[in-house]
Number of protein chains: 2
Amino acid sequence: MNSLTVGKLAKIVGINLETVRYYERIGLLPKPERTESGYRLYGNKDVKRLLFIAKAKELGFTLKEIKELLNLKIESKGTCGDVKKIAMNKISDIENKIKDLTRIKNVLQKLIAHCINEEITTDDCPILEAIEMDFNKE
Amino acid sequence: MNSLTVGKLAKIVGINLETVRYYERIGLLPKPERTESGYRLYGNKDVKRLLFIAKAKELGFTLKEIKELLNLKIESKGTCGDVKKIAMNKISDIENKIKDLTRIKNVLQKLIAHCINEEITTDDCPILEAIEMDFNKE
DNA sequence: ATAAGCACCGTAGTATGGTACGGAGTCAAG
DNA sequence: CTTGACTCCGTACCATACTACGGTGCTTAT
């Protein structure tokens, strides 16, 4: 089950081997089993965890925030009530992100929609002001 | 109209004054007007631009990517067709981000939903495995 | 008219998130 | 039984995105 060396794990997930060690150092990855000779041994759980980390990073979460997200399921002291509170905060953060992304997306779509004549230079593309016009309405 | 000094601009937007200068250096903010004595003068457009930058950063865009987004409306060579292509790519990036965020949100909501007994310690909270279970489907 | 409070500039330092290096030990194939 | 690929570890270096510093000049309120 836990049969992946650090190099293989890194390759599967598509990250640098040194990054895996780095994540371990900062406590983002749990300390893995070791072989007799001291080699790290990883399993499926680690693959999933690293994939989660990669996604969450792309979404603008810092490693610290990702740690918090992951600790929501690992944290062993405190009650479900605590987890609930933290999770609810995370959810509202996420909802705000989705709202902002949607807004940017809408502006880009409007921009495309108005670029009907493909040969007009962008200088004359009237929608290029859309970002400013739209972005700050709630 | 353009009546803000760099310090006032920074205060309005809620960022460090040095950051404004930094953004100018890397070309993320246009070079502003100057007073006779060389003081920078900013206007409303700059406020909006900085607010956009701040949002986009939170959403996981790098400064380089933000520059690209902003250049979609500033770029003066190339056709609307080019803008369209770039914008469409950005839209699909954004859609992916929204998908991933939604997935994480769903997991968190499930986690909350199953935390009915507020006094059970998190060790026993059965949903704490949800992140792993859910995250990698589609 | 003078001192407090900004702004100017270049340069240096910091935090985060990696990435590389190098000398030594381990493993697996020929 | 050795050679090549992989691992170990600590440390050093890197890019990105700021943030601070410090000497000097401007501006404004008393």
Side-chain angles (χ1 to χ4, degrees), chain A residues 2-43 46-47 49-71 93 97 100, chain B residues 2-43 46-47 49-71 93 97 100:
Chain A
N2 281 16
S3 49
L4 296 168
T5 59
V6 64
K8 279 177 195 159
L9 176 68
K11 188 162 278 179
I12 288 169
V13 177
I15 63 174
N16 193 305
L17 167 161
E18 308 283 356
T19 306
V20 177
R21 287 185 54 231
Y22 172 68
Y23 286 168
E24 182 183 332
R25 264 207 306 289
I26 65 171
L28 197 52
L29 265 190
K31 283 173 196 259
E33 274 185 75
R34 299 283 187 137
T35 64
E36 298 257 314
S37 55
Y39 282 28
R40 290 168 178 81
L41 282 183
Y42 295 99
D46 302 295
V47 173
R49 197 174 171 101
L50 283 173
L51 290 173
F52 178 85
I53 293 168
K55 285 282 179 190
K57 263 199 319 156
E58 274 172 39
L59 298 170
F61 294 100
T62 64
L63 297 188
K64 209 176 142 194
E65 288 169 326
I66 294 169
K67 217 166 165 178
E68 273 174 48
L69 279 170
L70 289 167
N71 281 346
D93 288 354
K97 284 189 185 218
D100 289 332
Chain B
N2 281 15
S3 49
L4 297 169
T5 58
V6 63
K8 280 177 192 156
L9 176 68
K11 189 162 279 180
I12 288 169
V13 177
I15 62 173
N16 193 305
L17 168 160
E18 308 283 357
T19 306
V20 178
R21 287 185 54 233
Y22 172 67
Y23 286 169
E24 182 183 332
R25 262 205 308 287
I26 64 170
L28 197 51
L29 266 189
K31 283 173 195 259
E33 273 186 73
R34 301 281 188 139
T35 63
E36 299 257 313
S37 54
Y39 281 27
R40 288 168 180 81
L41 283 183
Y42 296 99
D46 302 295
V47 173
R49 198 175 170 99
L50 283 172
L51 290 173
F52 178 84
I53 293 168
K55 285 282 179 190
K57 263 200 318 157
E58 276 173 37
L59 298 171
F61 294 100
T62 64
L63 297 187
K64 210 175 141 197
E65 288 169 326
I66 294 170
K67 217 167 167 180
E68 274 175 47
L69 278 170
L70 289 166
N71 281 347
D93 289 354
K97 283 188 187 221
D100 289 332

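All chains are named by letter (A, B, ...) in the order of the sequence lines, taking the proteins before the strands, and each is independently numbered beginning at 1.
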Response to the item:
Out of D:dG10, C:dG10, C:dG18, minimum distance to the side chain of A:T19 belongs to C:dG18
Worksheet item: Quick one: B:I26 CD1 to D:dT16 P, roughly how many Å, whole number?
Response: 10 Å
Practice prompt. Give a yes/no on whether any side-chain N or O of B:R40 is located under 4.0 angstrom from OP1 or OP2 of C:dC8.
Written response: yes
Worksheet item: Which whole-number value in Å describes the distance from B:K8 NZ to C:dC8 C1'?
Response: 16 Å
Item to complete: Determine, stepwise, if the pair A:E18 / A:R21 fulfils salt bridge (Lys or Arg N to Asp or Glu O under 4.0 Å).
Response: CA-CA 5 Å; A:E18 308 283 356; A:R21 287 185 54 231; 3.2 Å; yes
Worksheet item: For DNA chain D, whose closest nucleotide is more 5', that of A:G38 or that of B:T62?
Response: A:G38
Worksheet entry | A:L17 CG to A:L9 CG distance, which is reported to the nearest 0.5 Å | 9.0 Å
Worksheet item: Over how many whole Å does the gap from B:K67 atom NZ to D:dA17 atom P extend?
Response: 10 Å
Fill in: Residues B:K55 and B:E58 bridged, charged N to O under 4.0 Å
no
Discussion item. Taking the nucleotide of DNA chain D with the nearest heavy atom to each, does B:K64 or A:E18 sit closer to the 5' end?
Written reply: A:E18
Item to complete: Test side chain to side chain contact (heavy atoms under 4.5 Å, CB included) on A:L63 and A:K57 and set out the steps.
Response: CA-CA 7 Å; A:L63 297 188; A:K57 263 199 319 156; 3.9 Å; yes
Discussion item. Taking 4.0 Å as the cut-off, does a side-chain nitrogen or oxygen of B:T35 come that near to OP1 or OP2 on D:dC26?
Written reply: no
Worksheet item: Taking CG from B:L28 and C1' from D:dC18, how many angstroms apart are they, rounded to a whole number?
Response: 13 Å
Discussion item. Whole angstroms only, please: what is the OH-C1' distance between A:Y22 and C:dG18?
Written reply: 6 Å
Discussion item. At 4.0 Å (heavy atoms only), tell me whether A:T5 reaches a base, stays on the sugar-phosphate, or touches nothing.
Written reply: sugar-phosphate
Fill in: Spacing between B:N16 atom CG and D:dA20 atom P, to the nearest angstrom
6 Å
Worksheet item: CZ of A:R21 versus C1' of D:dA12: gap in Å, rounded?
Response: 13 Å
Discussion item. Using a 4.0 Å heavy-atom cut-off, does B:L17 contact any base of the nucleic acid, only the sugar-phosphate backbone, or nothing at all?
Written reply: sugar-phosphate
Worksheet entry | Closest-nucleotide ordering on DNA chain C, the 5'-leading residue of A:I53 and B:S37 | B:S37
Practice prompt. Check the pair A:N71, A:E68 against side chain to side chain contact (heavy atoms under 4.5 Å, CB included), reporting the backbone distance first and the verdict last.
Written response: CA-CA 5 Å; A:N71 281 346; A:E68 273 174 48; 5.6 Å; no
Practice prompt. Could you tell me the separation between the CZ atom of B:R34 and the C1' atom of C:dC8, rounded to a whole number of Å?
Written response: 8 Å
Fill in: Polar side-chain contact A:R25-D:dG10 base: donor and acceptor under 3.5 Å
no
Item to complete: Please confirm whether any donor atom in the side chain of A:Y39 sits under 3.5 Å from an acceptor in the base of C:dC27, or the reverse.
Response: no
